Amino acid sequence: MYSEKVMEHFSNPRNVGEIEDADGIGKVGSPSCGDTMDIYIKVKNGVLTDVKFRTFGCAAAIASSSMMTEMAKGKTIEEVLKITRDDVADELGGLPEAKMHCSNLASDAIRAAIKDYLGKSSQEEN
Amino acid sequence: MYSEKVMEHFSNPRNVGEIEDADGIGKVGSPSCGDTMDIYIKVKNGVLTDVKFRTFGCAAAIASSSMMTEMAKGKTIEEVLKITRDDVADELGGLPEAKMHCSNLASDAIRAAIKDYLGKSSQEEN
Amino acid sequence: MKRIYMDHSATTPTDPQVVEAMLPYFTDKFGNASSLHSFGQEAAESLEKSRQQVADLIAAKPGEIVFTSGGTESDNLAIKGIAYQNSKRGKHIITSTIEHPAVLNTCAYLEKAGFEVTYVPVDIDGILDVAELENAIRDDTILITVMHANNEIGTIQPISDISKISKEKGIYFHTDAVQSVGKIPVDVKELGIDLLSISSHKIHGPKGIGALYIKKGTCIQAIAHGGEHEGRLRAGTENIPGIVGFAKATTLAKESLEVDSKRLTELRDLLIKKVLDSIEYSYLNGHPTKRLPNNANLRFSFVEGEAMLLSLDMKGIAVSTASACSSKSLEPSHVLKAIGLRPEDAYGSLRISLGKNNTCEEVDYVVESLIDVVAKLRDMSPLV
Amino acid sequence: MKRIYMDHSATTPTDPQVVEAMLPYFTDKFGNASSLHSFGQEAAESLEKSRQQVADLIAAKPGEIVFTSGGTESDNLAIKGIAYQNSKRGKHIITSTIEHPAVLNTCAYLEKAGFEVTYVPVDIDGILDVAELENAIRDDTILITVMHANNEIGTIQPISDISKISKEKGIYFHTDAVQSVGKIPVDVKELGIDLLSISSHKIHGPKGIGALYIKKGTCIQAIAHGGEHEGRLRAGTENIPGIVGFAKATTLAKESLEVDSKRLTELRDLLIKKVLDSIEYSYLNGHPTKRLPNNANLRFSFVEGEAMLLSLDMKGIAVSTASACSSKSLEPSHVLKAIGLRPEDAYGSLRISLGKNNTCEEVDYVVESLIDVVAKLRDMSPLV
Ligand SMILES: Cc1ncc(COP(=O)(O)O)c(C=O)c1O
Ligand SMILES: Cc1ncc(COP(=O)(O)O)c(C=O)c1O
């Protein structure tokens, strides 16, 4: 059902956990829908120096979170914002049609984290 | 499907043939219904001294004819007329429901032959 | 006593290679194809591989194959599935007078449910009158269902001519190919078919499994409701051993089709010639050449079919009267009636259907036995 | 890696003795049971002997058993067959909210066809509210269909209470006993049932075969049309190898039912106890004692079922989330919703269904693995 890449990321997920002093946090999904994702980012000079996640959800949701953190880490905010919803699924070697929303969720989560960071930093600037 | 007795009479039918100078002939059924039976009888002092048949039909029809001739041979007309439609089937160890009409046909045929004989002999008497 | 089986239109022995292919799926790879764990995924893979194999035999795409429990269910699904789904467009169906009961009785059921059915007649050889079929088409005709090859007399219908008409008029065309698939080439694209029924046990596969080819884009609805199996068109846990066996049978049939059909045609013609030559008042029913390679339907005046069948059975030879399905009925065959036989001639007919394991020696023995049996029964017959 | 199968509610491995019993019917005794010759009569005899065996398991008469292609078809035949045949008396059907999709989707189909269906709720343990069922009965109610044991949570329904009511009111009562037959005693006379569905592959028989018990005198019509098989209630060449295998499985199940159910109950309780004792925030779904001997449906807070299932699969353990049938659906289980679970709790449930070959050691390994898997997933979960 799942690609090898999905299974690999699911069984050895990268970047699991929280960042205590995160610069941005994105929380998407809802437990009653079967998946929720929290993504934490650390930003330095516009670059995501650290990315971590916690996910409640199926194998696709966990693998998408893991893949997203890997794709985002070390990239600039601009670069990360260019990552589309499908890119995560593509990097995972595809997802079953019914599971594409997991890929979307991961992309939504990182955007939410960046938005959170930008909101905070603009406040700080003020 | 058929009892052993049916199969035995079907494969070794008794009294097959015509009686050239028959005293009575009974012809029942019709080829277009799938079976027709001719029964020939020889009568002496009210006793059926010989009975023969020709049948076009299924195994049950042939076995019923054969059994009927055996049952009738050597019996008086009165005794033969007492043989009911079901008696032939019973003697054969039963017939499938759908084939009971074959047993009926045999009983009808011998009655027709006796009627033919009685008609002829009453003519002769006149 | 050696037993000779010549009733391959009723059913066939499962090929030992087919049994071999099925065996692991009973005890080892026994998963439910809907299960997400490895047992289930193993089953799901075999299912899709099998679908490809079955599709290959008729030049279809795997997504166009729905597995069913056999030819009867395939016919029911095709006809009812199309009828119910398209009833707003119309409620008229066209079929032939010589279809298998799986088609005829489904049509009869739909008639009770408010559909109208036209039964197009056939000629003396059992070939459908295409002009009559064309005349029967109305604005509310939604389905034409005409069998590819007849199960009793083996006559092959002009399927391409019919499909051309149905395509022109935008009417769905279903063909019951239970007897033809695996015996003569069947290419759904070339023949222009929308739906086609297959049964595994007629081609040396296991019983209880079959398929319906449904051309992509066809509007059809399920007739069995439950889980989401077979593209939601056929609910029920997939019979993986059966499906794998069926698929193996299709692959074997495809490989040997050319050789087998040539050999069987020769054997059939030999049988027919010997019988007609050696038994007076014997005749061939059905078309002499437009017929299945393995079918010889023979008629013997003055004698009755069941009596011949059972007499041959006592000599170890298995043949049939009309079809196995109607063996319990006392009515003369509707097919033989439809080609214009008088009842007594219909009653005097035998179907001998050859299989890949039958030999020339067997044919000789069957002919000898037939000579015997017919003579003995004619001796007893008042009609001679 | 050793693989441990604990998904016996989805399907079971075919017993080697069953395969053994089937084998001759593929290649040697391969006749069509409708054929009059010896090949056919041999098949017909096996068919009737098998019918007796299946009848014996549920204390029915052989004439009351109709063979089908599986549990789904049995449910379809029972419900549609009764509904259509008795529609003049009424068009109201009563069922429960926790039926298998084969029942629920058949009911939904009938709703579209003009029937009305009342879905009676269940309590927190999954047990039907008999008073509500009684209240739901109307003058035009023709059928009550309530499953014997649930396929997800294993809860056993008060079938005798329901059948008493249905008898009083003169309403037909069907029960889907696919999960209970062969696992707990089922006596159709004692339970007072009119129609009962069985599936072979759930009791170590082959896939693609099942039966419907139809009490003598029940007014029902066929849903598949064709030849005159199975008392005209189910057309299609009989799947003799499948039927013989199914019959063998029923005989084996009958022989070992008492021993197996005792052993499985112990194993199940051991499993449940160990899990609940060793994993925090874990719970049992369904009734603690009124449940199938082999079913443990467990709930783990903060983690999702598919993730657990696949993690266990990587350790060689096969279990399921809800049922195999709904594995493709993303909706939380309708059964777990019906017993009042919040969606996130329904998503965190696993069904572990034991089989006669499972051992204590396997249970230990599964518990250890579950501890691991749940811990690892909770580590990742934002809900903890
Ligand atoms: C032409 C035809 N259609 C349909 C069927 C039914 O197929 P099955 O026996 O697989 O239900 C048969 C054989 O019985 C057949 O010969
Ligand atoms: C309760 C119940 N009913 C019906 C079915 C359907 O049976 P089958 O898979 O034989 O079609 C199943 C299993 O899938 C079941 O668990």
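Since the model is a prediction, treat every value here as computed from it, not as a measurement. In what follows, chains are A, B, ... by sequence order, proteins preceding strands, each numbered from 1. Hydrogens, waters and symmetry mates are skipped; everything else that's a heavy atom, side chains included, is used.
Around the NZ atom of A:K75, the shell of radius 6.0 Å holds more than 12 heavy atoms that belong to other residues, nucleotides or ligands. By the 6.0 Å contact criterion, CD1 on D:I124 is open, its count of non-hydrogen atoms from other residues, nucleotides or ligands being 12 or less. Atom NZ of A:K44 has 12 or fewer heavy atoms from other residues, nucleotides or ligands within 6.0 Å. Annotation for A:E18: atom CD counts as buried by contact number, over 12 foreign heavy atoms lying within 6.0 Å.
For chain D, the nearby part of A:P13 is the side chain; its heavy atoms alone come within less than 4.5 Å. Contact annotation for D:L310: both backbone and side-chain heavy atoms come within less than 4.5 Å of a heavy atom of chain A. Only the backbone of D:D379 comes within less than 4.5 Å of a heavy atom in chain A; its side chain stays farther off.
Contact annotation: the side chain of A:F10 approaches that of D:S311 to within less than 4.5 Å [non-hydrogen atoms, C-beta and beyond]. Side-chain contact between D:V384 and A:F56 is absent, with no heavy atoms from C-beta onward closer than 4.5 Å.
Here the closest non-hydrogen pair linking A:S32 and D:P343 is O-CB, 3.2 Å.
Annotation: the span from D:R378 atom CZ to A:R54 atom CZ amounts to 13.0 Å, rounded to 0.5 Å.
Listed for the D:E304 side chain is no donor-acceptor partner under 3.5 Å among the backbone atoms of A:D35.
The greatest number of non-hydrogen atom pairs below 4.5 Å with chain D, out of A:S11, A:C58, A:A59, is found for A:C58.
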Before giving the answer on side-chain contact (heavy atoms from CB on, under 4.5 Å), spell out for A:T55 and D:M380 the whole-Å C-alpha distance, their side-chain angles and the decisive distance to 0.1 Å. CA-CA 6 Å; A:T55 290; D:M380 248 183 263; 5.9 Å; no
